[in-house]
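These notes concern the structure reproduced below.
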Protein chains: 2
Amino acid sequence: MEAPIRLVYFEDNKALREGMSFLFQATPGFALLGAFENCKNLKETIAAWQPDVVLMDIDMPGLSGIQAVPIVKALSPATQVLMLTVVDDADAIFQAIRNGASGYLLKNTSPADILTAIRDIHRGGSPMTPSVARKVLLHFQQPKPGGEDYGLSTREMEILRGLVKGNSFKGMADELSISVETVRTHVRHIYEKLQVNSKTEAVLKALREGLTR
Amino acid sequence: MEAPIRLVYFEDNKALREGMSFLFQATPGFALLGAFENCKNLKETIAAWQPDVVLMDIDMPGLSGIQAVPIVKALSPATQVLMLTVVDDADAIFQAIRNGASGYLLKNTSPADILTAIRDIHRGGSPMTPSVARKVLLHFQQPKPGGEDYGLSTREMEILRGLVKGNSFKGMADELSISVETVRTHVRHIYEKLQVNSKTEAVLKALREGLTR
DNA sequence: CTTTCTCTCACCCGTTTGGAGTATTGACTA
DNA sequence: TAGTCAATACTCCAAACGGGTGAGAGAAAG
């Protein structure tokens with residue numbers, strides 16, 4: 001038998017907190033260290049217990065769940081934070097994730113699935129409600145909304161990729177076995193097409209708009 | 001009663017394909033339009049049927065599932081593609097996502113959960129196996145894996161942020177109301193600390209390691 | 001068979017950067 | 001109080017870059 005998952009739970013709704021607490025206590029494999037209605041004693045609690053998993057409601061009076069995440073991660077880096085909320089808001093999701101949360105569930109998730117999610121997160125997974133996951137994915141694939149094509153030629157793309165790697169004109173000239181002057185010409189054409197006027201700007205634009213893929 | 005989910009299934013393993021096909025046919029709410037062992041007739045199939053959801057195995061002979069995704073999305077943008085695979089490989093995941101896949105399940109997922117995932121994806125969610133989701137999240141919060149500090153001073157950080165915005169030395173000098181020479185001095189100190197030797201390299205390093213946050 | 005595009009190379013000119021020093025001031029620290 | 005460091009500024013030099021102009025060879029398109 002494995003060691004139980006040492007859990008701390010933050011939830012301001014009393015009924016829900018007590019209900020879930022009962023569930024955690026009744027389920028083998030879980031050790032509920034504490035259930036709190038706010039983050040008042042957050043630091044002391046986390047620092048002292050170093051729990052495996054923190055189940056954190058987002059909407060709480062006082063310190064919000066999102067603000068609490070970085071504090072938890074700072075005091076106990078190994079602790080996995082699972083956010084639980086009713087608000088399916090993109091900004092909140094990303095802030096929580098950037099702050100170090102490892103999972104994100106909406107409150108319509110069934111108690112059984114929450115138990116499963118806690119086991120998942122403890123095993124190194126990142127349980128996410130599908131609608132939340134979709135928002136995350138969109139930030140990955142949308143980098144090209146206007147997806148403009150600037151009409152760069154093959155050679156120009158090659159040069160641009162070189163710039164993005166941080167190469168100098170001379171370096172690329174050698175690499176491509178052409179004259180530095182030729183590289184400069186290509187670069188000037190690239191600048192015109194991208195409407196920039198320096199290496200750095202070209203690199204930034206290329207990176208931001210994913211031109212090098 | 002709602003319209004059934006119109007589904008197309010690609011899977012090279014015959015036993016698995018037939019088993020899942022039976023399940024789809026037996027489950028109310030699902031309409032299996034076709035199940036194929038490879039992507040030979042991918043274009044015709046997708047173009048003609050415009051399915052709601054495509055369940056796509058990644059490891060297939062011939063055209064791989066990953067290569068198939070962009071084709072599906074091109075021919076039928078509204079179709080949601082759910083990847084199904086044994087390989088829990090980060091690169092494969094990101095390629096599939098960038099190509100337009102909306103969900104990603106490992107093959108150890110139970111048939112019941114696959115059915116749920118298909119309903120989720122059809123409702124606009126992005127079902128993801130927790131271990132896959134973790135890989136995705138890491139790319140968001142990765143900012144500090146080696147999280148080096150480099151010990152940049154306040155002023156140096158300010159200058160670095162300027163570089164990342166594409167400013168020239170002169171531009172920053174004006175902005176900060178200091179001499180260009182001073183900017184140059186700061187920049188040289190930044191180069192030493194970051195161990196680079198050009199503006200572009202500094203910008204790239206700053207971006208990659210999230211130093212400007 | 002011209003026109004257009006891409007890739008190639010060259011020269012000029014002025015500005016911006018990189019590299020290496022030196023130096024003054026003020027603030028913090030041992 | 002002496003030492004360290006950040007921030008400021010300057011000088012000299014050489015390399016790299018940005019902008020302008022021109023031009024030849026080959027391929028693709030009209």
Side-chain angles (χ1 to χ4, degrees), chain A residues 144 146-213, chain B residues 74 143-144 146-213:
Chain A
K144 12 172 49 208
E148 309 212 32
D149 180 14
Y150 301 100
L152 294 181
S153 72
T154 315
R155 201 53 153 177
E156 286 162 353
M157 278 302 296
E158 205 167 354
I159 302 276
L160 181 56
R161 266 186 277 271
L163 291 182
V164 171
K165 282 193 296 179
N167 295 142
S168 67
F169 293 177
K170 186 160 167 30
M172 285 184 286
D174 294 347
E175 196 177 312
L176 301 175
S177 302
I178 56 179
S179 152
V180 177
E181 290 305 316
T182 306
V183 175
R184 277 163 53 62
T185 305
H186 287 310
V187 168
R188 273 176 286 139
H189 290 159
I190 293 172
Y191 290 176
E192 283 171 30
K193 291 181 179 175
L194 298 194
Q195 309 221 61
V196 298
N197 42 36
S198 80
K199 213 154 107 166
T200 315
E201 286 181 78
V203 169
L204 288 174
K205 190 152 190 167
L207 283 180
R208 269 197 255 289
E209 315 205 4
L211 299 179
T212 55
R213 280 176 257 161
Chain B
K144 8 169 75 198
E148 309 215 28
D149 188 3
Y150 301 109
L152 293 183
S153 73
T154 316
R155 201 51 152 178
E156 286 162 355
M157 278 301 298
E158 206 167 354
I159 302 276
L160 181 55
R161 265 186 278 271
L163 292 182
V164 170
K165 283 195 295 181
N167 296 140
S168 69
F169 293 177
K170 184 158 167 37
M172 285 184 286
D174 294 347
E175 197 178 311
L176 300 175
S177 300
I178 56 177
S179 151
V180 178
E181 295 309 317
T182 306
V183 175
R184 275 162 56 62
T185 305
H186 287 311
V187 168
R188 274 180 293 121
H189 290 159
I190 294 172
Y191 289 177
E192 283 171 28
K193 292 180 178 176
L194 298 195
Q195 308 221 61
V196 299
N197 43 33
S198 79
K199 212 154 104 166
T200 315
E201 285 181 79
V203 169
L204 289 174
K205 191 151 191 169
L207 283 180
R208 269 197 255 287
E209 314 206 4
L211 299 179
T212 55
R213 274 174 264 165

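Values below: every heavy atom of this structure, side chains too, minus hydrogens, waters and symmetry copies. Note that the coordinates shown come from a computational prediction; the quantities given were computed from them, not determined experimentally. Residue numbers start from 1 in every chain, and the chains themselves are labelled A, B, ... in the order their sequence lines are given, proteins ahead of strands.
Between B/Tyr150 and B/Glu209, the side chains place a donor N or O and an acceptor N or O closer than 3.5 Å (distance only, hydrogens not considered).
Distance CZ (B/Arg184) to C1' (C/dG19): 8 Å, rounded to an integer number of Å. Atom CD of A/Glu158 is separated from atom C1' of C/dT8 by 14 Å (rounded to the nearest Å). To the nearest angstrom, P of D/dC17 lies 9 Å from CG of A/Leu163.
For A/Ser198 against D/dC17, a side-chain-to-base donor-acceptor contact under 3.5 Å is absent.
Of the candidates D/dA6, C/dA10, D/dA9, C/dA10 carries the atom nearest the A/Thr185 side chain, counting heavy atoms from C-beta on.
The minimum heavy-atom distance linking B/Leu163 with B/Val203 is given by the pair O-CG2, 3.6 Å. Contact between B/Lys205 and B/Val196 at its shortest, heavy atoms only, is CD-CG1, 4.0 Å.
Between B/Asn197 and B/Lys170, the residue anchored closer to the 5' end of DNA chain C is B/Lys170, taking for each the nucleotide with the nearest heavy atom. For B/Arg155 and A/Asn167, each mapped to the nucleotide of DNA chain D holding its nearest heavy atom, the one lying further toward the 5' end belongs to B/Arg155. In this structure, A/Lys193 and A/Glu181 both approach DNA chain C, and ranking their closest nucleotides by distance from the 5' end singles out A/Lys193.
Within the 4.0 Å cut-off from OP1 or OP2 of D/dG20, not a single side-chain nitrogen or oxygen of A/Arg188 is found. The side chain of A/His186 contributes an N or O atom lying less than 4.0 Å from OP1 or OP2 of C/dT8. Side-chain N/O atoms of A/Ser168 include none lying less than 4.0 angstrom from OP1 or OP2 on D/dC17. The side chain of B/Thr182 contributes an N or O atom lying less than 4.0 Å from OP1 or OP2 of D/dA9.
For the pair B/Lys199 and B/Phe169, the cation-pi criterion (under 6.0 Å, within 45° of the ring axis) is fulfilled.
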